[in-house]
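Input: a single structure, listed below in structure tokens.
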Amino acid sequence: MSNALNLLVPEGLPFIDLDREFDHPVAEVFHAHKDPDLVAQWLGPRRLRLGVEQYDFRTGGSYRYTHTGPDGVDHVFSGVFHTVRENDFAIQTFEYDGYPDVVSIEFLTFQDLGGGRTRLSAHAVYPTMEARDGMVQSGMEGGLSEAYEQLEELLARAKV
Amino acid sequence: MTDDERLDLAFLALADPVRRRIIARLSRGQATVNELAEPFAITKQAVSKHIQVLEQAGLVTRTRDAQRRPVHLNPARLEALTAWIDQYRLVREEQFRGLDAVLSTQAAARGPQAKDSS
């Protein structure tokens with residue numbers, strides 16, 4: 001069963017809101033955010049290598065990881081964990097080295113839905129509309145390269 | 001119409017920012033013309049014209065149920081193009097599918113009524 005991702009990118013407000021349910025208990029969803037080995041398995045787009053250099057999911061902790069693109073170029077992401085409350089809530093910052101000094105603040109809520117289900121909600125705040133739209137449109141290198149590959153496949157099929 | 005011609009139409013249709021935003025909105029679910037027109041400072045007629053262009057390019061379809069006639073993305077035809085436009089969503093969806101997989105693996109490793117909780 002696949003749970004829908006609800007994504008809200010409101011007009012004129014520098015926010016992104018999303019929520020997604022998981023068919024697993026809140027403690028497990030939280031654990032998958034806390035354990036760096038597990039994080040490395042799900043955080044990166046599939047075709048990119050993800051190297052987690054630093055990851056301490058605790059209040060006052062920090063993280064730093066590198067995506068290496070198919071072109072061999074490294075993209076570094078880093079931030080601090082301002083607040084982390086077990087199985088409940090976290091506030092973290094997010095910065096991409098290709099877009100320096102533009103930091104978003106992400107509020108994550110882990111909600112126990114009962115019956116072994118969890119809702120994960122995120123509210124991300126950006127310093128400007130440009131920063132948010134830049135993030136949505138181009139911040140995710142993996143998505144872009146993957147999308148281009150799909151586009152190429154489509155074009156190849158169209159030629160046949 | 002050949003596939004090439006259809007693709008030309010699709011890219012031509014997407015050369016317009018209003019139409020790209022309509023597509024991005026529809027990637028989150030079907031919507032009526034009124035709903036699609038809401039964020040734009042242009043007339044509903046203008047939005048209808050944009051939708052017609054998208055329809056001719058095969059990017060969207062409209063069902064004819066009563067007066068509502070909601071507009072849908074045509075996902076089979078447009079997977080790659082919507083991926084291109086709505087990358088952020090796709091990246092997050094992929095991450096969360098990855099998280100699903102990790103959670104399932106973890107749960108399986110613990111086994112039914114795990115002996116320990118290491």
Side-chain angles (χ1 to χ4, degrees), chain A residues 1-12 16 18 20-25 27-29 31-33 35 37-47 50 116 118 120 122 132-133 135-155 157-160, chain B residues 1-11 14 17-18 20-22 24-29 36-41 58-59 75-110 114 117-118:
Chain A
M1 150 173 186
S2 165
N3 292 301
L5 168 66
N6 299 307
L7 182 65
L8 184 66
V9 183
E11 290 290 323
I16 293 176
L18 60 87
R20 168 71 145 76
E21 293 178 8
F22 295 89
D23 305 326
H24 295 273
E28 291 180 20
V29 176
H31 181 67
H33 280 73
D35 183 330
D37 293 337
L38 297 182
V39 170
Q41 288 175 46
W42 66 263
L43 191 63
R46 222 175 297 124
R47 290 167 211 218
L50 179 68
T118 301
L120 177 66
R132 186 205 62 179
D133 292 348
M135 200 67 79
V136 170
Q137 282 160 23
S138 68
M140 303 289 161
E141 300 293 327
L144 191 59
S145 57
E146 215 164 284
Y148 280 150
E149 277 173 32
Q150 284 179 282
L151 190 58
E152 270 168 21
E153 285 164 19
L154 180 91
L155 292 167
R157 276 203 302 276
K159 287 268 181 278
V160 173
Chain B
M1 206 188 310
T2 68
D3 278 351
D4 256 355
E5 283 163 352
R6 260 198 294 274
L7 207 59
D8 285 347
L9 270 184
F11 277 109
L14 290 169
V18 171
R20 285 199 295 275
R21 279 162 66 191
I22 290 172
R25 165 63 188 85
L26 289 174
S27 71
R28 284 171 233 151
L36 289 172
E38 255 168 47
F40 298 108
L59 303 186
R77 175 114 191 95
L78 255 222
E79 201 174 311
L81 294 175
T82 55
W84 181 40
I85 289 155
D86 219 6
Q87 311 146 21
Y88 179 87
R89 179 190 190 85
L90 288 176
V91 169
R92 298 307 291 232
E93 273 178 343
E94 184 173 333
Q95 279 180 352
F96 288 142
R97 280 198 299 273
L99 182 49
D100 282 333
V102 164
L103 290 167
S104 296
T105 307
Q106 290 287 302
R110 280 191 194 102
S117 55
S118 58

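Both backbone and side-chain heavy atoms feed into the values below; hydrogens, waters and symmetry mates do not. Quick note on labels: first sequence line is chain A, next is B, and so on, each numbered from 1.
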| Close side-chain approach of B:Q106 and A:H24, heavy atoms under 4.5 Å |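 B:Q106 does not reach A:H24 side chain to side chain.
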| request: Locate the shortest heavy-atom distance separating B:R97 from A:R20; write the atom from each residue and the value. | output: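 Closest approach of B:R97 to A:R20: N-NH2, 3.9 Å.
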| Closest heavy-atom pair and its distance - B:L99, A:W42 |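 Scanning both residues completely, I find the closest heavy atoms to be N-CB, 3.4 Å.
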| said: How long is the straight-line distance from CG of A:L38 back to CG of B:L103, given to the nearest 0.5 Å? | reply: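 Rounded to the nearest 0.5 Å, the CG-CG separation comes to 8.5 Å.
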| field | Flag, side chain of B:Q95 to backbone of A:L43, donor-acceptor distance under 3.5 Å | value |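 Judged by distance alone, yes, a pair lies under 3.5 Å.
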Which atoms of [X] are under 4.5 Å from chain A, going by heavy atoms: the side chain, the backbone, both sets, or neither?
X: B:T105; value: neither
X: B:E93; value: both
X: B:R25; value: neither

| Per-residue contact mode, A:L8 against chain B (heavy atom under 4.5 angstrom) |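 The answer is neither part of A:L8.
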